[in-house]
Amino acid sequence: MVRKVIETFKKDKWVLYLCADLTMLLQQTIKKVLEQVIQDSLGIAVAEEELIIQRTKTEFEGDYTLVLFGLVKKYKLNPEQIGSSIGEAACQKEPQLFKSYNLLKGFLNFSIQDQCLVDFLGTTYSNPQFGKAPVHAKRVMVEYSSPNTNKPLHLGHLRNIFLGWSIAELLKERGYVVTKSCVVNDRGIHICKSMIAWELFAQGATPTTTGQKGDHFVGDYYVKFNEAHKVQIEEGIAAGLTKEQAEKEAPIMKATQQLLQDWEAGKPEVLALWNRMNQWVYEGFEETYNKIGADFDKTYYESKTYLLGKKFVEQGLTDGVFYKKEDGSIWIDLTPAGLDEKLVLRKDGTSVYITQDLGLAEQKFQEYQYEQSIYVIADEQNYHMKVLQLILQKLNKPYANGIYHLSYGMVELPSGKMKSREGTVVDADDLIAEMIEVARTKTEELGKVKDFDAEELQKLYHTLALGALKFYLLRVDPKKKMIFNPQESIDFQGFTGPFIQYTYARIQSILRKESPTASLSMENKLEKEEKELLITVEQFPAILEQAVAEHNPSVVALYVFTVAKLFNSFYTQHSIISAPTDATRQLRLRLAALTATVIKRSMTLLGIEVPSRM
RNA sequence: GGUCCGGUAGCUCAGUUGAAUAGAGCAACUGCCUUCUAAGCAGUAGGUCAUUGGUUUGAAUCCAAUCCGGAUCACCA
């Protein structure tokens with residue numbers, strides 16, 4: 001399904017926004033050259049997508065490989081023959097690009113001229129903006145986080161927030177004009193539950209009097225509601241009611257329903273309490289958002305937007321897209337699209353969830369005229385989002401096709417799903433506090449920053465803790481559900497944020513001793529490790545473009561890990577400061593500087609800071 | 001039941017517009033700090049890519065069937 005959507009976007013205009021700087025990329029250049037070479041030497045006009053160019057596997061000689069099978073099959077050619085004639089012609093035509101070629105089965109492996117890469121390094125090493133595309137003013141809205149105001153943020157929200165934030169930043173980096181938005185579900189039965197419980201049990205307590213963070217404070221009353229409700233359900237069942245009846249008829253539930261009606265009627269004292277409790281929650285959220293570096297350009301409140309969708313119902317009825325049933329409820333028939341019939345307005349005239357979302361989509365478009373509107377929402381709402389888009393399409397809304405559901409898998413624990421009723425929900429604030437503690441312990445064990453003052457240490461712990469957490473949640477393909485293993489998440493070795501942060505700190509340590517000097521010439525022969533690192537680093541802009549096209553930050557996480565690994569491998573085998581010649585030292589300093597830039601840019605786009613020492 | 005998603009090393013994950021001997025990290029084992037930060041590097045071991053059949057010069061990748069797991073199909077949000 002996801003793949004289909006991506007394809008649709010490709011056919012549409014999404015990927016056509018590919019920026020000019022991509023044509024500078026080595027792989028693209030090779031493709032273009034080979035396209036021409038094949039035309040010249042074989043007289044075949046191949047389409048660009050027919051050419052498969054990939055990195056040469058490490059066990060073979062070469063850097064980039066043209067896979068010949070496709071051509072062989074389509075044009076009924078002999079791989080040996082066309083391989084050597086393409087290879088020969090390419091090396092002759094572009095001697096400054098190709099050093100040599102070799103042919104193995106259907107694979108034509110090219111070695112890139114060292115000088116070509118050295119030139120790239122020379123022009124790029126001091127560019128802190130490497131990877132950034134010029135602004136092209138395509139507008140995108142990214143909605144993420146969207147919490148309920150009855151309880152604090154948890155691990156699931158974190159995956160959502162990190163993903164949404166990162167995808168927004170990636171879009172900006174590639175030239176889009178992005179609005180980050182958040183919808184706060186501030187009304188409804190859930191907040192009324194917390195309100196009732198507070199009225200019944202709090203005796204006037206507030207976050208100030210208890211010293212609690214506001215969102216946790218309110219969340220506790222939500223828990224208290226459920227506890228009281230449970231007791232009353234049991235009483236009801238004991239009195240002979242069915243479970244469903246007992247749930248509905250419980251006095252505390254009745255009171256909650258009454259409160260919701262009073263809220264909708266605008267009863268002043270109810271609104272006052274509602275405002276007050278939401279305010280506590282917002283203060284708590286704000287603190288957490290600041291801690292994790294989340295930010296929004298626009299916040300929508302459900303209490304202000306939930307009525308907007310009703311206009312749609314009228315329009316839909318007029319257009320014949322919706323129909324009215326005898327009881328007065330209004331529906332849309334989506335069975336032709338393979339879905340069901342869907343209610344859009346209750347018989348009492350109140351709107352349902354989908355109706356609200358229709359209204360909000362319209363409002364967002366009125367305000368921002370987006371071309372793409374990305375919703376970062378868990379995959380349990382795939383059906384809902386499909387319906388939303390389908391209805392908007394049927395209503396001929398111009399923005400309907402721009403809706404993209406960035407559907408991510410739920411976070412589970414090794415023990416199974418997180419369940420609030422069983423108390424297995426991992427609280428965001430608690431988790432971050434734990435991570436910071438682990439960062440502190442490990443840092444103290446290693447004892448490398450003993451000269452840091454208290455403030456610098458706090459900053460470092462925070463950087464490492466959030467680096468570990470964000471990387472852990474972002475390194476997995478968003479659309480797959482993931483298992484959060486607490487043991488693993490605090491790991492600082494291997495495929496982790498701190499490993500990459502460490503690599504960056506190492507480079508900074510070198511660059512503090514000596515920075516590259518522009519005037520010095522560079523060696524133009526590359527060691528194997530230098531070359532591999534340089535070729536990988538060169539792909540950075542293409543990686544970003546891929547991450548954007550796929551709406552997938554894990555592409556960046558995987559890539560930056562590869563870069564860090566390659567650097568570390570190079571680092572242990574070759575000395576930078578004590579390189580054999582000045583020219584080599586210069587080259588390695590620049591390579592180190594460019595690697596640091598790529599690491600820093602990648603990590604920044606994932607929302608992760610990098611320390612200069614750790 | 002309908003629709004959709006997933007199943008790759010002990011664990012967590014890459015690889016899926018078909019392409020070379022299926023890759024990482026963790027865990028296990030072996031080496032490497034008088035040399036730019038060992039939060040590192042090098043190596044060993046670990047696989048019936050859920051199963052079966054098909055298409056193909058070539059399948060983890062495409063098709064069909066089956067098994068297993070999950071999501072969803074509310075006048076909840």
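Naming convention: chains lettered A, B, ... in sequence-line order (proteins, then strands); numbering from 1 in each chain.
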Side chain of [X] - closest among [options]:
X	options	result
K481(A)	G69(B), C13(B), C36(B)	G69(B)
T56(A)	A24(B), A20(B), U56(B)	A20(B)
K105(A)	U21(B), C36(B), U37(B)	U21(B)
D477(A)	C36(B), A14(B), G23(B)	A14(B)
Y571(A)	C41(B), A38(B), A77(B)	A38(B)
W331(A)	U37(B), C36(B), C75(B)	C75(B)
K57(A)	A20(B), U37(B), C75(B)	A20(B)
F561(A)	C75(B), G25(B), C13(B)	G25(B)
I483(A)	C26(B), C75(B), C13(B)	C13(B)
S575(A)	A77(B), C13(B), C36(B)	C36(B)

Could you go through E264(A) and R187(A), starting from their C-alpha distance and side-chain angles, then the distance that decides it, and tell me whether this counts as salt bridge (Lys or Arg N to Asp or Glu O under 4.0 Å)?
CA-CA 9 Å; E264(A) 290 190 2; R187(A) 52 135 246 135; 3.4 Å; yes

Taking [atom1] from [X] and [atom2] from [N], how many angstroms apart are they, rounded to a whole number?
X	N	atom1	atom2	value
H574(A)	C41(B)	NE2	P	15 Å
R506(A)	U35(B)	CZ	C1'	13 Å
Q493(A)	C41(B)	CD	C1'	13 Å
I490(A)	G25(B)	CD1	P	20 Å
I507(A)	C36(B)	CD1	P	16 Å
Q573(A)	U35(B)	CD	C1'	15 Å
K74(A)	U57(B)	NZ	P	17 Å

Need the pair for [N]. Rule: Watson-Crick or G-U wobble, both distances under 3.5 Å, any strand; none if unpaired.
N	value
A59(B)	none
A45(B)	none
U3(B)	A71(B)

Quick check, are the ring centers of [X] and [Y] under 6.0 angstrom apart?
X	Y	answer
F162(A)	Y144(A)	no
H551(A)	Y404(A)	yes
F495(A)	F471(A)	yes
F567(A)	F570(A)	yes

Taking any heavy-atom pair under 4.0 Å as a contact, classify [X]: base, sugar-phosphate, or nothing.
X	answer
Y383(A)	sugar-phosphate
T335(A)	nothing
T65(A)	base
F492(A)	base
I576(A)	base

All heavy atoms of V425(A) vs all of K419(A), minimum pair found to be CG2-C, 3.7 Å

Considering only the [atom1] atoms, how many Å lie between [N] and [M], rounded to the nearest integer?
N	M	atom1	result
A38(B)	G46(B)	P	31 Å
G47(B)	G2(B)	C1'	36 Å
U17(B)	U21(B)	C1'	24 Å
U8(B)	A14(B)	P	11 Å
C49(B)	U3(B)	C1'	27 Å

Heavy-atom nearest nucleotide on RNA chain B taken for N485(A) and for N568(A); more 5' hit belongs to N485(A)

Between E302(A) and L446(A), the residue closer to the 5' end of RNA chain B by nearest nucleotide is L446(A)

Side-chain N or O of [X] closer than 4.0 Å to phosphate OP1/OP2 of [N]:
X	N	value
K480(A)	A14(B)	yes
R55(A)	A20(B)	no
S569(A)	A42(B)	yes
R346(A)	C76(B)	yes
K513(A)	U37(B)	yes
R588(A)	C36(B)	no

Looking only at N and O atoms, is any donor in the side chain of N109(A) or the base of A20(B) less than 3.5 Å from an acceptor on the other one?
-> yes

Q.
Would the base of C75(B) count as contacting D327(A) through its side chain, where contact means a donor and an acceptor less than 3.5 Å apart?
A. yes

Regarding C11(B), purine or pyrimidine glycosidic angle vs 90° from 0 gives anti

Flag the pair E456(A) and R613(A) as a salt bridge only when some basic side-chain nitrogen lies within less than 4.0 angstrom of an acidic carboxylate oxygen.
no

[N] base stacked by [X] (centroids within less than 5.5 Å, tilt under 30°):
X	N	value
Y502(A)	G40(B)	no
F495(A)	A24(B)	no
F107(A)	A19(B)	no

For the residue pair D333(A) / Y323(A), report whether a side-chain donor-acceptor contact shorter than 3.5 Å exists.
no

